[in-house]
There are 2 protein chains.
Amino acid sequence: MTDHQGISDLLQERGIQPSAQRVAIARHVLRTDGHPTADEVLAQVRRSFPMVSRATVYNTLKLFVAKGLLRTCQFEGGVTVYDANVGRHHHFIDAATGEIHDVPWEALDVRGAEELAGFQVDSWMVVMRGRRRDDPGA
Amino acid sequence: MTDHQGISDLLQERGIQPSAQRVAIARHVLRTDGHPTADEVLAQVRRSFPMVSRATVYNTLKLFVAKGLLRTCQFEGGVTVYDANVGRHHHFIDAATGEIHDVPWEALDVRGAEELAGFQVDSWMVVMRGRRRDDPGA
DNA sequence: GTGATAACCTAGACTTGGTCCAGACATGGA
DNA sequence: TCCATGTCTGGACCAAGTCTAGGTTATCAC
Ligand SMILES: [Mn+2]
Ligand SMILES: [Mn+2]
Ligand SMILES: [Zn+2]
Ligand SMILES: [Zn+2]
């Protein structure tokens with residue numbers, strides 16, 4: 001799924017013309033479990049594809065979102081981040097580093113969201129803040 | 001609490017010099033249950049105080065946040081909104097209008113956030129998206 | 001009251017994340 | 001091969017937010 005041919009096929013399945021730029025961007029943004037900003041993706045992609053333009057990165061990320069390969073999130077700093085994890089999940093934000101970590105949907109139990117009076121709730125997410133614990137086993 | 005004298009006293013209690021500009025800003029941002037942006041506050045305040053500068057509004061909102069009178073939130077559009085409700089609560093975002101509505105803390109039951117493996121969770125909030133239901137009683 | 005000092009405010013320049021556009025380049029079908 | 005369409009590029013542009021230099025206002029000592 002992360003090799004050049006596999007990425008190209010994946011884009012085509014979603015009706016996206018697999019241009020060289022789009023494949024290069026997809027390689028960086030679809031294979032990470034991080035939450036990079038557009039400019040971080042641009043910097044990363046330029047290391048192997050220096051001529052790519054900023055407009056193309058922004059346009060391509062938008063296209064991937066429209067085609068369901070990515071989603072966007074906004075937590076703090078007024079910056080949009082891209083998330084390759086498009087399934088339901090929650091987020092933990094490390095207040096010390098600003099890092100965003102995914103939290104599995106099953107790790108939490110949210111009750112009452114569906115039957116909220118006055119609102120038709122289509123989706124929800126828990127956003128947690130705190131500090132990552134030093135992993136004692138690592 | 002919303003008249004000029006009351007606002008002035010409130011600011012002084014928090015160690016904030018109650019200048020005319022600060023009182024005018026406080027009147028608009030502390031008495032609403034909406035979630036206005038800084039530029040919305042600026043526009044609103046200017047109707048009764050035309051000479052107030054953008055820098056003063058931004059600085060004053062930051063000061064109010066530092067003093068615990070306001071909090072900031074970022075949901076979408078890469079814009080910071082200010083929330084006079086500084087207690088624990090959740091948020092519902094109307095996908096059609098972009099409006100942000102407060103949801104009382106007790107309306108939802110979230111379990112598992114405190115004992116999340118690997119993270120020390122200090123706070124959390126549920127962010128819901130959907131549409132506001134037409135209120136049939138109104 | 002007068003003057004010194006600190007606090008506060010203003011206008012506008014600046015930064016930055018993001019969009020838009022006009023022209024260049026690539027692709028694919030007739 | 002030619003044309004139509006799709007894609008990409010660089011740079012101008014926009015909008016939210018910050019910074020700064022200088023002016024105004026409040027506070028306090030005398
Ligand atoms: Mn950047
Ligand atoms: Mn911005
Ligand atoms: Zn995520
Ligand atoms: Zn709120």
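Every chain is numbered from 1 and lettered A, B, ... according to where its sequence line falls, protein lines coming before strand lines.
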Peer 1: Quick one: B:Leu42 CG to D:dT18 C1', roughly how many Å, whole number?
Peer 2: 15 Å

Peer 1: If you check the B:Thr56 side chain, which of C:dT10, D:dG17, D:dT9 turns out closest?
Peer 2: C:dT10

Peer 1: Roughly, in whole Å, what's the span from CG in B:Leu63 to P in D:dG17?
Peer 2: 17 Å

Peer 1: A side-chain contact here means heavy atoms from C-beta on lying under 4.5 Å apart; do A:Leu10 and A:Leu30 qualify?
Peer 2: yes

Peer 1: Taking atom types as modelled and ignoring hydrogens, do the side chains of B:His35 and B:Asp102 form a donor-acceptor contact shorter than 3.5 angstrom?
Peer 2: yes

Peer 1: Could you give the CD-to-C1' distance, from A:Gln74 to D:dA15, as a whole number of Å?
Peer 2: 14 Å

Peer 1: State which of D:dT9, D:dA16, C:dC9 makes the closest approach to the side chain of B:Arg22.
Peer 2: C:dC9

Peer 1: What integer distance in Å separates B:Gln12:CD from C:dC8:P?
Peer 2: 12 Å

Peer 1: Hey, does B:Thr37 reach any base, or is it just sugar-phosphate, or nothing, if we go heavy atoms under 4.0 Å?
Peer 2: nothing

Peer 1: Looking at every heavy atom in both A:Cys73 and A:His91, which two are closest together, and how far apart are they?
Peer 2: SG-CE1, 4.1 Å

Peer 1: Look at all strands and tell whether A:Ser19 reaches a base, only sugar-phosphate, or nothing, counting heavy atoms closer than 4.0 Å.
Peer 2: sugar-phosphate

Peer 1: More than 12 heavy atoms of other residues, nucleotides or ligands under 6.0 Å from CZ of A:Arg131: is that the case?
Peer 2: no

Peer 1: When you get a sec, tell me which of C:dC21, C:dG18, D:dG17 is the closest nucleotide to the side chain of A:Ala38?
Peer 2: C:dG18

Peer 1: Can you check the A:Leu11 CG to C:dT27 C1' distance for me, whole Å?
Peer 2: 16 Å

Peer 1: Go nucleotide by nucleotide along DNA chain C from the 5' end; which of B:Ser53 and A:Gly78 gets its closest nucleotide reached first?
Peer 2: B:Ser53

Peer 1: To the nearest Å, how far apart are A:Ile16 CD1 and D:dC8 P?
Peer 2: 11 Å

Peer 1: Rounding to a whole Å, what distance do you find between B:Glu40:CD and D:dG17:P?
Peer 2: 10 Å

Peer 1: Report the distance from atom CG of B:Leu42 to atom OH of B:Tyr58, rounding to the nearest 0.5 Å.
Peer 2: 8.0 Å

Peer 1: A:Ala20 or B:Gln17: which one's nearest nucleotide on DNA chain D is closer to the 5' end?
Peer 2: A:Ala20

Peer 1: Report the relative orientation of the aromatic rings in A:Trp105 and A:His90; use parallel for angles under 30°, tilted for 30 to 60°, perpendicular for over 60°.
Peer 2: parallel

Peer 1: Could you check whether B:Asp39 gets within reach of a base, just the sugar-phosphate, or nothing at all, counting any heavy atom under 4.0 Å?
Peer 2: sugar-phosphate

Peer 1: Are any of A:Gln21's side-chain N or O atoms less than 4.0 Å away from OP1 or OP2 of D:dT9?
Peer 2: yes

Peer 1: What is the distance, rounded to the nearest whole Å, between atom CG of A:Asn59 and atom P of D:dG10?
Peer 2: 14 Å

Peer 1: Within the pair A:Thr80 and C:dG17, is there a side-chain N or O less than 4.0 Å away from OP1 or OP2?
Peer 2: no

Peer 1: Below 4.0 angstrom from OP1 or OP2 of C:dG18, is there any side-chain N or O of A:Lys62?
Peer 2: no

Peer 1: Could you check which of C:dT10, C:dG17, D:dT9 has an atom nearest any side-chain atom of A:Tyr58?
Peer 2: C:dG17

Peer 1: Quick one: the side chain of B:Arg54 and the base of D:dG17, do they pair up donor-acceptor inside 3.5 Å?
Peer 2: yes

